[in-house]
Amino acid sequence: MVRITLPDNSTRSFDSPLTAFEVAQAISPRLAQDALAVRVDGQLVDTKTLIDKDHHVEIVTTKSDPTTAVDLMRHSCAHVMAEAICRLFPETKLVYGPSVENGFYYDIDLDRPITPEDFPAIEAEMAKIVASDKPFCRYEMTREEAMPRLKAEGNRYKLDNAERAQSDVLSFYTTGQPGDGSFEDLCRGPHVPSTAKVGAYKVMSVAGAYYRGDASEKMLQRVYGTSWPTKKELDAYLFQLEEAKKRDHRVLGKQLDLFSVHDHIGPGLIHWHPNGALIRHEVETFWKNEHLKRGYDLLYTPHIASERVFQLSGHLEKYADMMYSPMDLDGQNYYLKPMNCPFHYAIYKTAVRSYKDLALRWCELGTVYRYEPSGTLHGMLRVRGFTQDDAHTFCTPEQLGAELDLILELMHYMMTTFGYTYKAYLATRPEKYLGTEEEWERATQELRAALERRGLEYEVDEGGGVFYAPKIDIKLIDSLGREWQGPTHQVDLQAAKRFKISYVGADNHEHEPIIIHRTVLGSMERFIGGLIEHFGGAFPLWLSPEQARVLPISEKTNEYAASVLQKLRNAGLRCSMDISDDKINAKIKRAHEMKLPYMLVVGPAEAQNDSVTVRIRGCKEQRNIKVDEFIASAQQDINTRCLEPGLKS
RNA sequence: GCCAACGUAGCUCAGUCGGUAGAGCACGGCUUUCGUAAAGCCGCGGUUGUGGGUUCGAAUCCCACCGUUGGCUCCA
């Protein structure tokens with residue numbers, strides 16, 4: 001007698017042990033058909049698992065538990081792809097094939113490179129496997145039984161996986177009968193019942209991946225696929241990828257004429273075109289003003305420095321291969337600076353500082369150069385020359401809390417102005433660190449307390465701190481829900497000592513100040529690259545390089561258009577007019593392509609009464625209003641940094 | 001840095017089996033003077049990433065380098 005308790009707490013009794021599939025069948029044939037796996041007392045297992053005792057049983061379907069279901073389908077789909085690849089290339093050695101966000105991959109060791117031309121063949125082979133609706137059969141062996149077999153197979157990766165497995169029993173999955181020569185794979189499972197249940201899939205890409213993520217290990221081929229419960233969801237995902245591509249900052253950077261990179265000048269070095277530079281200018285102006293309001297002082301420091309300063313800072317020792325090679329000047333090595341801190345410290349040390357001078361808040365848009373590995377460069381997001389929005393706060397231990405509050409407030413204000421929400425992380429002491437455990441504990445506690453005073457929810461990133469400091473990391477969530485590395489605030493435990501930075505306390509003795517490194521935007525390059533994608537190129541009015549364009553209906557109203565343009569410019573708006581002899585349709589299309597917030601159409605009717613017909617980005621209706629009204633409305637939106645263009649009156 | 005793919009006009013792309021390079025947009029000129037997402041015609045524009053090699057002949061095949069893309073590793 002087996003008593004099964006279902007999720008709704010109802011129970012069913014069966015005379016003899018039975019599989020989870022049979023339990024589902026007893027409930028409804030439809031459920032049995034939809035069953036992908038089952039939770040027995042909370043543990044996820046195959047539907048073929050025999051249930052021979054009283055258990056809580058929960059049948060997993062795409063409806064009952066979509067997250068688990070799709071994850072299982074993807075994992076099983078990875079196996080189907082692996083089988084397909086093995087059929088096409090029998091010398092393939094399988095390594096590891098998990099599900100990942102939006103799909104799955106399988107790492108394989110195969111001397112012949114897989115290329116995108118192979119994908120159709122792989123997909124065709126997968127289709128055959130799916131059509132044959134073969135069951136995923138699990139069988140288990142003890143470690144003693146399994147190891148000789150694995151050794152005989154000559155697949156060092158599977159052998160390695162097996163050796164690392166905790167359990168005494170190893171499980172295999174085959175799409176035939178155990179031992180009949182069908183495809184099989186060492187795998188923890190569980191899997192969906194059969195190859196027909198892996199959903200709609202597509203082989204996406206192939207890339208290199210080090211075995212076990214270790215750069216000294218062999219480079220494997222990682223074949224990526226995506227899979228979804230239905231064809232419709234697959235198509236929706238592929239469509240979404242196309243849409244994301246249109247928001248790619250590199251694509252928009254060209255389309256909107258924002259920036260370029262030139263291989264004859266150097267990879268990873270951004271050239272800001274007028275439109276991009278204008279956006280940067282607005283961001284920088286905003287940044288500076290908000291800092292000045294909060295008691296920061298601005299600094300400018302040099303771009304190169306003698307090697308002595310980087311020996312002192314420890315950068316040469318730790319990051320020499322990430323720095324541009326030195327230039328020999330008068331027998332002395334000079335480096336492009338990879339960061340700004342030592343320069344700020346130098347300024348600090350030009351005077352004896354009293355506790356009465358603190359806290360000092362110094363900020364700089366400091367341009368630094370780092371020789372990033374070539375394979376990591378990516379548009380504006382990962383570059384070799386960039387401008388950090390850097391700041392250092394020098395304060396007494398008593399002031400630390402208040403200073404952290406100020407930093408979090410500034411961060412919050414700036415992020416919400418750009419329309420970002422964010423998540424906070426507290427990164428604690430890493431394995432390799434400098435300083436004492438007590439110092440780390442105290443500094444971490446201060447950061448934690450500041451987060452809590454602000455009422456910020458945060459996750460602890462255990463061991464995620466830098467070697468000299470615990471930190472608060474902020475991850476931005478953009479309009480597509482993607483996370484970006486955002487602001488970071490570090491309480492430095494080493495710099496004061498290393499650079500002999502001190503202040504005179506009320507006790508007339510020297511003390512070490514606390515130094516907070518922090519950045520809000522990260523770098524102008526990465527932040528604005530991110531902004532481009534966040535807004536999809538449709539910038540809010542205050543950031544738009546061109547805020548409005550006057551579009552005369554024909555040459556006859558060019559003169560009126562010019563007078564409107566002059567009025568707008570006098571009012572401080574960035575605008576132009578389109579006096580090409582194209583028709584109005586073409587002018588509108590062009591303005592749309594540049595994602596301008598406002599188009600102002602003018603013809604004889606408008607010229608009569610000093611008005612413009614406004615067309616707002618993203619909206620087909622038009623409104624006729626007086627030029628002065630438009631100006632007032634636009635100015636208000638600019639002043640409030642309104643995120644979406646509109647009309648105020 | 002590692003693996004793979006890719007690199008053709010300012011941009012987006014075509015170019016078959018190796019036979020001296022093509023379109024659309026952009027740009028210039030002309031016609032048109034127009035009411036809400038592309039008017040028409042004509043024209044300009046290329047050492048096919050760079051350097052070698054194979055060949056009677058290379059965008060096409062081979063090698064090296066540079067760069068880009070997708071990942072991996074890394075990101076003070």
Side-chain angles (χ1 to χ4, degrees), chain A residues 100 105 107 109-110 112-118 204-224 245 248 250-251 254-255 257 260-268 310 313-323 337-342 368 370-379 381-384 386 388 465-469 471 485 488 490 492 494-495 517 519 522-523 526 551-558 579-593 599-606 613-615 619-622 624:
Chain A
V100 292
Y105 65 79
D107 281 349
D109 181 6
L110 174 66
R112 174 198 185 283
I114 303 266
T115 71
E117 281 92 77
D118 299 320
M204 300 296 283
S205 64
V206 57
Y210 298 112
Y211 180 54
R212 303 187 60 78
D214 181 345
S216 65
E217 273 282 3
K218 179 166 183 179
M219 177 68 69
L220 305 168
Q221 299 192 66
R222 176 169 294 181
V223 187
Y224 281 89
K245 217 165 149 187
D248 187 309
R250 294 163 302 182
V251 173
K254 264 186 197 146
Q255 191 189 326
D257 199 10
S260 58
V261 185
H262 303 267
D263 53 15
H264 67 285
I265 292 178
F310 299 119
S313 70
H315 286 97
L316 267 181
E317 192 189 331
K318 204 165 155 55
Y319 295 108
D321 55 347
M322 294 280 284
M323 289 166 67
K337 69 173 168 181
M339 43 130 60
N340 305 301
C341 328
V368 299
R370 296 180 185 174
Y371 191 74
E372 301 282 352
S374 60
T376 63
L377 301 177
H378 181 89
L381 300 181
R382 188 79 184 266
V383 293
R384 285 183 173 163
F386 54 96
Q388 286 185 313
V466 237
F467 67 94
Y468 56 77
K471 58 177 178 173
Q485 175 61 49
T488 173
Q490 311 171 347
D492 194 314
Q494 291 306 308
H517 304 258
T519 159
S523 77
R526 196 178 55 194
L551 309 179
I553 292 289
S554 81
E555 219 173 87
K556 287 175 184 161
T557 36
N558 280 0
I579 50 169
S580 63
D581 61 358
D582 286 310
K583 300 216 287 192
I584 192 67
N585 293 316
K587 295 183 184 182
I588 286 170
K589 181 164 199 303
R590 234 187 341 263
H592 264 289
E593 276 169 357
M599 291 170 233
L600 309 177
V601 177
V602 296
E606 286 80 4
T613 296
V614 183
R615 194 171 164 140
C619 154
K620 264 193 115 114
E621 303 98 70
Q622 310 123 42
N624 183 265

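Labels below follow one simple rule: chain letters A, B, ... track the order of the sequence lines, proteins then strands, and each chain is numbered from 1.
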C1' atoms of B:A58 and B:U50, separation to the nearest Å: 16 Å
Ion pair A:D248/A:R250, N-O distance below 4.0 Å: yes
Touch class at under 4.0 angstrom, heavy-atom based, for A:Y224 against every strand present: sugar-phosphate
Touch class at under 4.0 angstrom, heavy-atom based, for A:P267 against every strand present: sugar-phosphate
Aromatic ring pairing A:Y468/A:H517, orientation class (parallel under 30°, perpendicular over 60°, tilted between): tilted
Sugar-phosphate only, base, or nothing, as touched by A:S313 at under 4.0 Å among non-hydrogen atoms: nothing
Separation of B:U73 P from A:M219 CE (nearest whole Å): 9 Å
Nearest-angstrom distance, P atom, B:C13 to B:G70: 14 Å
Which nucleotides of RNA chain B pair, in dot-bracket form (Watson-Crick or G-U under 3.5 Å, | meaning another strand): (((((((..((((.....[..)))).(((((.......))))).....(((((..]....))))))))))))....
Rounded distance in Å between the C1' positions of B:A38 and B:G24: 12 Å
Atom-to-atom span, CD of A:Q622 to C1' of B:U36 - whole angstrom: 5 Å
Sugar-phosphate only, base, or nothing, as touched by A:D581 at under 4.0 Å among non-hydrogen atoms: base
Under-3.5 Å donor-acceptor pair between A:Y210 side chain and B:G1 base: yes
Sugar-phosphate, base or nothing in reach of A:H378, heavy atoms under 4.0 Å: sugar-phosphate
Closest-nucleotide ordering on RNA chain B, the 5'-leading residue of A:L377 and A:E606: A:E606
Between P of B:A37 and CD1 of A:I588, the distance in whole Å: 6 Å
Span that lies between the P atom of B:A9 and that of B:C2, in whole angstrom: 28 Å
A:R222 side-chain N/O to A:A207 backbone N/O, donor-acceptor pair under 3.5 Å: no
Distance test, side-chain N/O of A:K589 to OP1/OP2 of B:U36, below 4.0 Å: no
B:U33 and B:A39, which share atom name C1', separated by this distance in whole Å: 11 Å
Short N-O contact, A:D582 and A:R590, less than 4.0 angstrom: yes
Touch class at under 4.0 angstrom, heavy-atom based, for A:V466 against every strand present: sugar-phosphate
Sugar-phosphate, base or nothing in reach of A:A209, heavy atoms under 4.0 Å: sugar-phosphate
A:R250 side-chain N/O to B:G70 phosphate OP1/OP2 under 4.0 Å: yes
Between C1' of B:C3 and CG of A:L110, the distance in whole Å: 13 Å
Distance below 4.0 Å between A:K620 side-chain N/O and B:A37 OP1 or OP2: yes
Sugar-phosphate, base or nothing in reach of A:A591, heavy atoms under 4.0 Å: nothing
Presence of A:S374 side-chain N/O under 4.0 Å of B:G1 phosphate oxygens OP1/OP2: yes
Separation of the P atoms in B:U16 and B:G49, to the nearest angstrom: 15 Å
Heavy-atom pair of closest approach, residues A:D107 and A:A209: OD1-CB, 4.3 Å
B:C61 and B:C27, which share atom name P, separated by this distance in whole Å: 35 Å
Earlier contact from the 5' end, RNA chain B, for A:H592 and A:Y468: A:H592
A:E217 CD to B:C74 P, straight-line distance once rounded to whole Å: 14 Å
Side-chain N or O of A:K587 closer than 4.0 Å to phosphate OP1/OP2 of B:G35: no
C1'-based separation of B:A5 from B:G46 [nearest Å]: 25 Å
Evaluation steps, side chain to side chain contact (heavy atoms under 4.5 Å, CB included), between A:R384 and A:S374: CA-CA 9 Å; A:R384 285 183 173 163; A:S374 60; 3.8 Å; yes
Base B:A76 paired with A:R370 side chain (donor-acceptor, <3.5 Å): yes
Taking every non-hydrogen atom, the tightest pair across A:P552 and A:N558: CG-OD1, 3.2 Å
Under 3.5 Å donor-acceptor pair, A:R382 side-chain atoms to B:C75 base atoms: yes
Spacing of A:R112 atom CZ relative to B:A5 atom P, expressed in whole Å: 10 Å
Sugar-phosphate only, base, or nothing, as touched by A:G375 at under 4.0 Å among non-hydrogen atoms: base
Closest approach of A:K587 to A:I579 (non-hydrogen atoms, all atoms of both residues): NZ-CA, 4.5 Å
Side-chain donor/acceptor contact of A:R615 with base of B:A37 under 3.5 Å: yes
Value in whole Å for how far the P atom of B:G49 lies from NE2 of A:H262: 19 Å
Sugar-phosphate only, base, or nothing, as touched by A:K254 at under 4.0 Å among non-hydrogen atoms: sugar-phosphate
Any donor-acceptor N/O pair, A:Q490 side chain to A:V466 backbone, under 3.5 Å: no
Closest heavy-atom pair and its distance - A:R370, A:P338: NE-O, 2.9 Å
Integer-rounded Å distance: B:A38 P and A:L551 CG: 14 Å
